[in-house]
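Lettering follows sequence order; numbering is per chain, from 1. The shown structure was predicted, so the numbers you read here are calculated from the model rather than taken from an experiment. As a basis for the values below, the full set of heavy atoms in this structure was taken, side chains included, without hydrogen atoms, waters or symmetry mates.
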Number of protein chains: 2
Amino acid sequence: MEKNVLANTLTLDSVRESLIRQEDTVIFYLIERAKYPINSPVYHPSFAGVSGSLVDYIVKHTEALQSKVTIEELFQFTGASININKTIWDMYFNQLLPLFVSEGNDGNYVQTATCDLQCLQALSRRIHYGKFVAEVKFMDAPEDYGPAIQAQNRDALMELLTFKSVEEMVKQRVKKKAMVFGQEVCLGDSKGKYKVDPSVVSRLYEEWVMPLTKKVQVEYLLCRLD
Amino acid sequence: MEKNVLANTLTLDSVRESLIRQEDTVIFYLIERAKYPINSPVYHPSFAGVSGSLVDYIVKHTEALQSKVTIEELFQFTGASININKTIWDMYFNQLLPLFVSEGNDGNYVQTATCDLQCLQALSRRIHYGKFVAEVKFMDAPEDYGPAIQAQNRDALMELLTFKSVEEMVKQRVKKKAMVFGQEVCLGDSKGKYKVDPSVVSRLYEEWVMPLTKKVQVEYLLCRLD
């Protein structure tokens with residue numbers, strides 16, 4: 001990521017627009033994953049014919065394929081630079097997934113693993129987008145961020161990056177999106193049942209997406225003047 | 001696909017529910033593809049470091065990976081039995097895609113090709129689901145279908161399978177879904193702008209998805225008594 005190129009093409013507006021659009025992507029993929037039950041054999045440490053679990057296999061080989069032909073910056077789970085994908089992986093499988101999929105096994109293992117990959121990549125892209133968020137915030141007010149960066153003061157940076165009212169608005173908006181996108185649309189009145197519980201999506205943003213994005217922002221800024 | 005297994009697990013209701021749920025999937029993936037402009041280098045007959053186009057490369061290798069660990073029936077573009085994927089491929093790239101993506105090039109080639117793969121697989125799965133649709137219709141009224149099958153009469157089968165009022169309802173429903181899922185959701189009033197033109201989705205179903213599904217149904221039934 002070349003900082004000068006970044007500064008020329010990113011604006012506060014373009015970054016904000018991308019963050020909002022990425023919410024839709026994250027929610028669409030969660031809804032797609034919720035079509036299938038937990039399908040636990042996907043996560044067993046060894047799957048027929050594969051070394052490791054099926055989800056490890058699908059993620060590793062799909063990303064290898066994608067990176068072979070990649071020009072753009074991808075946020076991959078195997079390899080990469082400022083990277084908190086290990087944290088995202090653990091959060092997704094150990095905490096988030098059990099909150100929004102049902103118990104059971106319908107045998108659709110490859111589709112399940114592919115949906116997990118889509119969710120992981122969408123979440124990772126969103127969270128690592130913190131680098132771009134941090135860059136535009138820095139460019140907008142270098143005089144505010146400079147001293148905290150020079151002092152390598154994480155707490156001061158975290159405070160500068162935190163806007164409680166914006167975070168509250170994001171939580172409300174993703175909850176509304178989960179209601180709109182997760183409803184069952186019929187020609188008559190829609191039924192009041194959601195494919196993914198909207199409060200889980202709001203919790204995902206509050207507890208994981210926003211804190212992890214800020215962590216990426218702080219890491220990025222700490223090196224911004226190197 | 002074992003016919004007796006099918007007959008035991010499929011019902012008219014379960015098939016109908018799956019068809020309705022698959023509409024959401026198709027529309028989500030079209031909306032995701034519409035995030036990117038056409039990105040024509042993805043379709044050039046040779047892409048840096050790859051033999052063939054980038055989309056050929058991503059589809060071929062992803063499907064090879066998926067089929068290596070697949071237990072369930074996948075509807076793949078490379079290989080398979082009753083299969084009209086060549087028609088779906090041509091329809092998607094030559095007719096549908098230009099109707100719902102913008103001009104231009106933003107360099108997100110791998111993501112674009114991956115979205116194309118998702119759309120193709122969702123459309124293929126939906127269209128080849130015609131085999132299950134045909135099976136439940138046959139089981140529900142073997143006395144109606146039997147004579148037409150024995151006579152190998154395609155026109156009579158097509159007529160038995162066609163319900164104009166249901167097709168009209170599907171067109172209306174997918175249009176409504178495109179409006180709901182493709183809107184920009186804000187905390188205030190939503191803006192009246194859709195990420196994918198709802199009339200394109202309704203046309204997709206009218207001109208391609210429903211006719212191609214019926215073609216699959218006819219092909220399946222012609223062999224049902226073999």
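- At a 4.5 Å heavy-atom cutoff, I20(A) makes no contact with chain B through either its backbone or its side chain.
- Ranked by heavy-atom pairs under 4.5 Å with chain B, the first of L54(A), I31(A), T114(A) is I31(A).
- In this structure, chain B has a heavy atom under 4.5 Å from the side chain of R21(A), while its backbone stays farther away.
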Kindly indicate, with the supporting measurements, whether the criterion side-chain contact (heavy atoms from CB on, under 4.5 Å) is fulfilled by R125(B) and Q111(A). CA-CA 12 Å; R125(B) 193 169 285 126; Q111(A) 290 183 44; 3.4 Å; yes
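- One finds no salt bridge joining K177(A) and E184(B) here, because no Lys/Arg side-chain nitrogen approaches an Asp/Glu carboxylate oxygen to under 4.0 Å.
- The shortest distance between side-chain heavy atoms of Q118(B) and E32(A) does not fall below 4.5 Å.
- Ranked by non-hydrogen atom pairs under 4.5 Å with chain B, the options K35(A), H61(A), R173(A) are led by K35(A).
- The closest donor-acceptor contact from the side chain of K176(A) to the backbone of C186(B) lies under 3.5 Å.
- Using a 4.0 Å cut-off between charged nitrogen and carboxylate oxygen, D24(A) and K195(B) count as a salt-bridge pair.
- The number of heavy atoms from other shown groups lying within 6.0 Å of CD (E207(B)) is above 12.
- Side-chain contact between F181(B) and V180(A): absent, with no pair of heavy atoms (C-beta onward) separated by less than 4.5 Å.
- Heavy atoms of I58(A) lying under 4.5 Å from chain B belong to its backbone as well as its side chain.
- When all heavy atoms of T62(A) and L65(B) are compared, the closest pair comes out as OG1-CD2, 3.3 Å.
- Within the 4.5 Å cutoff, no side-chain heavy atoms of V50(A) are placed close to those of K68(B).
- With a 4.5 Å cut-off on non-hydrogen atoms, L187(B) touches chain A through its backbone and its side chain both.
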